[in-house]
Number of protein chains: 2
Amino acid sequence: MLEIPNRHEATPTFGHGSRCEACPVRQRSLFGILPADRLDGLLRQVEEAEYAVGDVIYSTGERRSSVFTLRSGYIKLLRFLPDGQQRIVRLLKPSCTFGLEALMGDSYGHSAVVLERAAVCRISTAAIDGLRRNTPALHDQLMRRWQIALEEADAWLTELSTGKAPQRFSRLLCRMVDANGLAPLFSREDLGAMLAVTPEHASRMVVDFRRNGAIVDVSPGRCRCNVTILARLAAGGE
Amino acid sequence: MLEIPNRHEATPTFGHGSRCEACPVRQRSLFGILPADRLDGLLRQVEEAEYAVGDVIYSTGERRSSVFTLRSGYIKLLRFLPDGQQRIVRLLKPSCTFGLEALMGDSYGHSAVVLERAAVCRISTAAIDGLRRNTPALHDQLMRRWQIALEEADAWLTELSTGKAPQRFSRLLCRMVDANGLAPLFSREDLGAMLAVTPEHASRMVVDFRRNGAIVDVSPGRCRCNVTILARLAAGGE
DNA sequence: CGCGTAGTTGACCATCATCAACATACGTGG
DNA sequence: CCACGTATGTTGATGATGGTCAACTACGCG
């Protein structure tokens, strides 16, 4: 079973008035649509932060008032069962927004834990609220973000909770490959928590996939995917 | 495998300017917060409809422009895998809002199919959009609806996709019991699509649960739940 | 070097899928 | 009203999938 994630208070590097103009995910971000003048005031309220692997950005039930955007790296959203078991319910990639529930004053519904060194932008809900009153475009963006999260949740449910384990694993890899055919290969424990299998079984699958050429290691924690084979497996083929 | 649901064009009974004042879920509904004068104009645009079991209210990919609220009955939201298999990703109870994606002009992300005779309110997105411009309270309500849907999706994932099948079944029943201790008992096929098991296995579980007194049939498709036993099972007990 | 963590492997067993048979309920048309 | 057909639920036998427990290996780090 997964441990309670590191509770060491994450001590990220913070920057201020961060260089949003140069941000790689700026266009795709929450505020990509705002006109420059509106943006200026807001950007001074954006804090930039770097988190290391294992850092906990926030945890379930915490009541803070920040919304986040991921600039680089990977983050997992965890949810706990009454018995302490935990399941990864979503995997965040750059340009994803998370912690939206803070906008309604709710406490966070997940724990957000860093899987791969992450650069994150933090905006206080107060800053957004001010803008929200008279910016319909921002409203639309917020709704869209929510809808994307919901899409993801549903896709996660259908693709990663249906079918046999190797099929699910293939689908996960297909979701993660970048343009170069590379995908992150997470710890067996995390893979287990995503696919609803034990770490041992996750390990066996990784070995199998390597053996039949579906994946090839290129560096620790990163592999090249043979999309042809993976697609066949994902579709239920042998 | 589940069949493609009835494509017979559902021919619900429609009413106009429906008696919203008398609606049992009015307070909990999307517009419960609106002041009476604002509400009046809107209500004339609300259509009321009754659907029979098996009716398809909308299907995946359809592009219409209505948002719905469930007044009574049960509705399942389906999502399809590439191979045609389908999984139930959410179960709607009275006062739930669905089809929110229409507000952004997106096509529906699910198929909505009636499980138990359903009374539904339909509001065109145009009607909402007009109001949306200058009603912050409605914005908040919309975000809240979205957040609730997301909550549900995550809960569905953790509770109904983790652990052994009887444990998942217990959790489903616990989610469904009303104040009288009664819960709907859906078809074995639907249960299978919710719990990610075969209809046969769902059947065996129902029989088992009846045998050891966890549930007792009170009428076709409805059972009384022994919450004590169910809670023990849901927690992983024997 | 010794230690702790993560990954791998093997043996065995529980859970669940599969396939086939049978039961039951529900409608339709004779 | 009954005979028949179809859809749905139940049951059984068998095998595949994945869980469990334990041993062992590989790697990083003090």
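It should be emphasised that the depicted structure is a prediction, and the values quoted were computed from it without experimental measurement. By convention in this document, chain letters (A, B, ...) are assigned in the order of the sequence lines, proteins followed by strands, and residues within each chain are numbered from 1.
Of the residues in residues 162-170 of chain A, those placing a heavy atom less than 4.0 Å from an atom of DNA chain D are A:K164, A:A165, A:P166, in numerical order.
For the atom pair B:S170 OG and B:N226 CG, the distance stands at 11.0 Å (nearest 0.5 Å). Remark: A:L70 CG to A:I57 CD1 distance equals 7.5 Å, nearest 0.5 Å.
The distance from atom CG of A:D217 to atom P of D:dC27 is 12 Å, rounded to the nearest whole Å. Between the P atom of C:dG10 and the CG atom of A:D208 lies a distance of 12 Å, rounded to the nearest Å. What separates CE of A:M205 from P of D:dG18 is a distance of 7 Å, to the nearest Å. Rounded to whole Å, atom P of D:dT10 lies 14 Å from atom CZ of B:R211.
The minimum heavy-atom distance linking A:F209 with A:P166 is given by the pair CZ-O, 3.5 Å. Minimum heavy-atom separation, B:P184 to B:Y74: CG-CE1, 3.6 Å.
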Grab the N/O contacts between the protein and nucleotides 7-9 of chain C below 3.5 Å, and write none if there aren't any.
from, atom 1, to, atom 2, distance (Å)
C:dG7, OP2, A:R188, N, 3.4
C:dT8, OP1, A:R210, NH2, 2.4
C:dT8, OP2, A:R188, NE, 2.8
C:dT8, OP2, A:S203, OG, 2.9
C:dT8, O5', A:S203, OG, 3.4

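Side-chain atoms of B:W156 come within 3.5 Å of backbone N or O of B:I88 as a donor-acceptor pair. A donor-acceptor pair under 3.5 Å links the side-chain atoms of B:E101 to the main chain of B:G109, judged by distance alone.
Between A:R79 and B:E151 there is a salt bridge, with a side-chain nitrogen of the basic residue lying less than 4.0 Å from a carboxylate oxygen of the acidic one. B:K93 has no carboxylate O lying under 4.0 Å from a charged side-chain N of B:E152, or vice versa, which leaves the two without a salt bridge.
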